[in-house]
Amino acid sequence: MEQLAVFGGIPVRDTPIHYGKQYIDKDDVAAVAETLEHGDLTCGPRIEELERKLCDVTGAKYAVAVCNGTAALHLAAMAAGFGEGDEVIVSAITFAASANCVLYCGAKPVFADINPQTYNIDPHAIERLITPHTRGIVAVDFTGQSIEHDAVEAICKKHNLILIEDAAHAIGTKYSGRPVGSMADMTCFSFHPVKTVTAGEGGAITTNDEQLYRRLVRLRTHGITRRREEMAHPTDAPWYNEEVELGYNYRLTDIQAALLISQLGKLPAFSARRKEIVAKYDKAFGEMPELVVQKEIPESDTTRHLYILRINPERLKCDRRQFFDALHGENIYSQVHYLPVYWHSYYEKLGYTKGLCPNAEKYYEEVLSLPLYYSLTEEDVESVIEAVKKIVAYYRK
């Protein structure tokens with residue numbers, strides 16, 4: 001149903017455009033159907049095939065497929081050995097799972113501020129937070145843009161820290177020509193439906209370290225192993241397996257793996273289309289003083305998961321909520337990514353307070369995410385641009 005624009009008149013669209021959406025074609029459906037009809041549904045060959053494909057895409061030596069991105073982060077934090085008394089530095093602007101994985105292990109998240117132009121974790125902020133208790137960093141490739149790897153890796157080397165890269169947004173992104181997934185100690189991916197490629201739900205950890213890989217594989221399946229060299233009481237019985245540590249059931253199904261393998265084959269096309277849309281948005285909004293677009297570091301060849309538009313409150317007579325509502329009135333359904341993690345009430349109960357990361361807090365008050373996905377048509381993109389321009393014209397000071 002056509003809805004009326006917030007400030008009157010006819011909206012630019014008769015039907016809604018949502019901020020994110022998966023793209024599924026007949027090849028994806030066929031891949032899933034073939035597995036349902038002829039293959040193992042879990043613990044089968046599709047998992048190994050997917051992990052090989054992820055290694056090809058990321059350049060990593062090893063990949064471990066898991067049930068979702070949060071599980072990937074949890075297992076990475078466990079494999080890193082984070083525990084009671086440890087501090088782990090995390091970006092303030094991210095989904096809660098990036099910090100929750102630290103809490104799952106009994107360690108303490110310490111929130112670092114963001115670069116106010118790129119919205120990624122600020123290496124200078126990291127350096128100021130390091131103490132004798134710091135064990136690692138969970139650095140987020142926010143929106144898909146790579147972290148400043150050279151700077152962050154130098155800090156990790158200087159202080160002997162584990163680097164977990166939360167690349168939930170960044171499949172297909174490269175840093176100085178190197179694929180995201182090949183550089184950190186462990187890199188975690190998510191394959192939720194709004195991400196660039198999807199398994200329905202799903203995640204993965206990539207690493208170049210064989211010891212970390214072996215432990216991640218065990219932790220994914222209850223801490224149980226069939227490898228004799230990992231057992232305390234090995235036997236030659238073919239059925240024998242042994243739980244050598246406490247793990248979890250974080251397996252991915254072959255059904256999901258089949259879908260993701262098919263999706264990964266389309267990653268170059270998905271990436272190219274997202275870059276086209278980002279370029280159109282940047283051109284339309286980049287010269288408008290009422291708006292601020294995200295800055296890209298030159299080293300990052302970014303496959304963008306999110307397109308962040310920032311409102312300049314000095315130039316507009318509206319706040320972010322009014323802009324959000326006005327977009328909704330134009331049938332453009334935006335979203336906000338993210339609340340600073342330590343603003344969540346659970347973290348408030350843990351003793352975190354506002355004011356920790358001023359750049360992150362100011363960012364949150366001024367941003368929203370515009371529609372960005374592969375199947376957006378040129379007409380859709382122009383509708384988004386027209387709606388934003390219409391609202392800016394209305395609220396311009």
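No hydrogens, no waters, no symmetry mates; every other heavy atom, side chains included, goes into these values. Residues: numbered from 1 along the sequence shown.
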Exercise: do Glu165 and His149 side chains pair donor with acceptor under 3.5 Å: yes
Would you call Arg178-Asp150 a salt bridge at under 4.0 Å N-O? yes
To the nearest 0.5 angstrom, please state how far the CE atom of Met78 sits from the CG atom of Leu73. 13.5 Å
Against the six-membered ring of Tyr364, is Arg320 placed for a cation-pi contact (under 6.0 Å from the centre, within 45° of the normal)? yes
Side-chain heavy-atom pair Phe191, Glu201 within 4.5 angstrom cut-off: no
Would you please say whether a donor-acceptor pair under 3.5 Å links the side chains of Asp28 and Gln263? yes
For Thr173 and Gln145, run side chain to side chain donor-acceptor pair (under 3.5 Å): C-alpha distance rounded to whole Å, both residues' side-chain angles, the deciding distance at 0.1 Å, then the answer. CA-CA 7 Å; Thr173 291; Gln145 180 177 192; over 6 Å; no
Check Lys280 with Glu276, please: is the shortest side-chain N to carboxylate O separation under 4.0 Å? no
Going by distance alone, is a donor N or O of one side chain under 3.5 Å from an acceptor N or O of the other, for Tyr307 and Asp282? yes
Phe95 and Asn100: side-chain contact (heavy atoms from CB on, under 4.5 Å), yes or no, with the steps? CA-CA 9 Å; Phe95 186 61; Asn100 290 350; over 6 Å; no
Are the side chain of Ser271 and the backbone N or O of Leu267 linked by a donor-acceptor pair below 3.5 Å? no
Between Glu242 and Arg226, does any NZ, NE, NH1 or NH2 come within less than 4.0 Å of an OD or OE carboxylate oxygen? no
So, do Leu216 and Met186 sit near enough that their side-chain heavy atoms are less than 4.5 Å apart? yes
Does Leu252 form a side-chain contact (heavy atoms from CB on, under 4.5 Å) with Leu50? I'd like the steps, not just the answer. CA-CA 10 Å; Leu252 189 74; Leu50 169 61; 3.6 Å; yes
Can you sort out the partners of Lys354 under salt bridge (Lys or Arg N to Asp or Glu O under 4.0 Å), two or more places apart, ordered by chain and number? none
When you look at CD of Glu229, are more than 12 heavy atoms from neighbouring residues, nucleotides or ligands closer to it than 6.0 Å? yes
Taken to the nearest 0.5 Å, the spacing of Asp113 CG from Ser91 OG works out to 8.5 Å
Between the side chain of Asp254 and the main-chain N/O of Gly44, is any donor-acceptor distance below 3.5 Å? yes
As a quick check of understanding, evaluate side-chain contact (heavy atoms from CB on, under 4.5 Å) for Phe270 and Lys195, giving each step before the final call. CA-CA 10 Å; Phe270 288 170; Lys195 302 301 196 303; over 6 Å; no
pair Val12-Lys390: side-chain heavy atoms closer than 4.5 Å: yes
Within a reach of under 6.0 Å around NZ of Lys157, are more than 12 heavy atoms found that belong to other residues, nucleotides or ligands? no
Is the ring pair His305/His337 parallel, tilted or perpendicular, if the boundaries are 30 and 60 degrees? perpendicular
N/O donor-acceptor pair under 3.5 Å between Asn359 side chain and Ile114 backbone: yes
Keeping Glu366 on the side-chain end and Tyr363 on the backbone end, is there a donor-acceptor pair under 3.5 Å? no
Could you go step by step and tell me if Tyr394 and Lys317 meet the side-chain contact (heavy atoms from CB on, under 4.5 Å) rule? CA-CA 9 Å; Tyr394 183 85; Lys317 296 179 293 186; over 6 Å; no
Inspect the contact between Arg52 and Glu49 and indicate whether a charged nitrogen and a carboxylate oxygen are less than 4.0 angstrom apart. no
Kindly indicate, with the supporting measurements, whether the criterion side chain to side chain donor-acceptor pair (under 3.5 Å) is fulfilled by His18 and Gln335. CA-CA 9 Å; His18 295 275; Gln335 186 54 277; over 6 Å; no
To the nearest 0.5 Å, how far apart are OH in Tyr62 and CG in Leu54? 15.5 Å
Has Arg321 got more than 12 heavy atoms of other residues, nucleotides or ligands less than 6.0 Å from its CZ? no
Heavy-atom donor-acceptor pair, Asp86 side chain to Gly83 backbone, under 3.5 Å: yes
Would Asp166 and Ser98 count as having a side-chain donor-acceptor pair, cut-off 3.5 Å? yes
Could you check whether any side-chain heavy atom of Asn312 comes within less than 4.5 Å of a side-chain heavy atom of Pro289, counting everything from C-beta outward? no
Do Asp380 and Ser383 pair up side chain to side chain, a donor and an acceptor below 3.5 Å, judged on atom types alone? no
Tyr281 side chain reached by Val293 side chain, heavy atoms, under 4.5 Å: no
For the side chain of Arg273 and the backbone of Leu376, is there at least one donor-acceptor N/O pair under 3.5 Å apart? yes
Between the side chains of Glu34 and His38, does any donor sit under 3.5 Å from an acceptor? no
Salt bridge or not for Lys266 and Asp25, using N-O below 4.0 Å? yes
Using a strict cut-off of less than 4.0 Å between a Lys/Arg side-chain nitrogen and an Asp/Glu carboxylate oxygen, indicate whether Glu330 and Lys389 qualify as a salt bridge. no
Taking Tyr352 as the fixed residue, which of Trp343, Tyr342, Tyr346, Tyr347 is the one that meets the ring-ring contact (aromatic ring centres under 6.0 Å, His included) rule? Tyr347
May I ask you to decide if Gly203's main-chain N or O and Asn68's side chain share a donor-acceptor pair within less than 3.5 Å? no
For the pair Glu230 and Arg214, find out whether any cationic side-chain nitrogen is under 4.0 Å from an anionic carboxylate oxygen. no
Is the backbone N or O of Asp185 less than 3.5 Å from a side-chain atom of Thr207, with the two atoms forming a donor-acceptor pair by type? yes
Is any side-chain heavy atom of Val388 closer than 4.5 Å to one of Leu291? yes
Heavy atoms, side chains only, cut-off 4.5 Å: are Ile137 and Ile162 in contact? no
Would you give the length of the straight line joining atom OG1 of Thr198 to atom OH of Tyr23, rounded to the nearest 0.5 angstrom? 14.5 Å
Could you tell me if Gln256 and Thr253 have a donor-acceptor pair between their side chains, going purely by distance under 3.5 Å? yes
What verdict does the salt bridge (Lys or Arg N to Asp or Glu O under 4.0 Å) test give for Lys61 and Glu210, after you've listed the backbone C-alpha separation in whole Å, the side-chain angles of each residue and the deciding distance to 0.1 Å? CA-CA 8 Å; Lys61 290 183 180 179; Glu210 185 176 2; over 6 Å; no
Determine, step by step, whether Arg220 and Glu51 satisfy the salt bridge (Lys or Arg N to Asp or Glu O under 4.0 Å) criterion, reporting the C-alpha distance in whole Å, the side-chain angles of both residues, the deciding distance to 0.1 Å, and the verdict. CA-CA 14 Å; Arg220 172 179 64 183; Glu51 290 172 343; 2.8 Å; yes
Residues Arg228, Asp236: salt bridge by 4.0 Å N-O rule: no
Is the backbone N or O of Ser146 less than 3.5 Å from a side-chain atom of Ser300, with the two atoms forming a donor-acceptor pair by type? yes
Between His328 and Tyr333 (judged by ring centroids, cut-off 6.0 Å), do the two rings come close enough to count as a pair? yes
Glu48, CD atom: more than 12 neighbouring heavy atoms under 6.0 Å: no
Considering residues, nucleotides and ligands other than Asn160, do more than 12 of their heavy atoms fall under 6.0 Å from its CG? no
For Glu296, is there an ion pair with Arg304 - N to carboxylate O distance below 4.0 angstrom? yes
Could you check whether any side-chain heavy atom of Tyr250 comes within less than 4.5 Å of a side-chain heavy atom of His74, counting everything from C-beta outward? yes
Please check if the side chain of Thr134 supplies one atom and the backbone of Thr131 the other of a donor-acceptor pair under 3.5 Å. yes
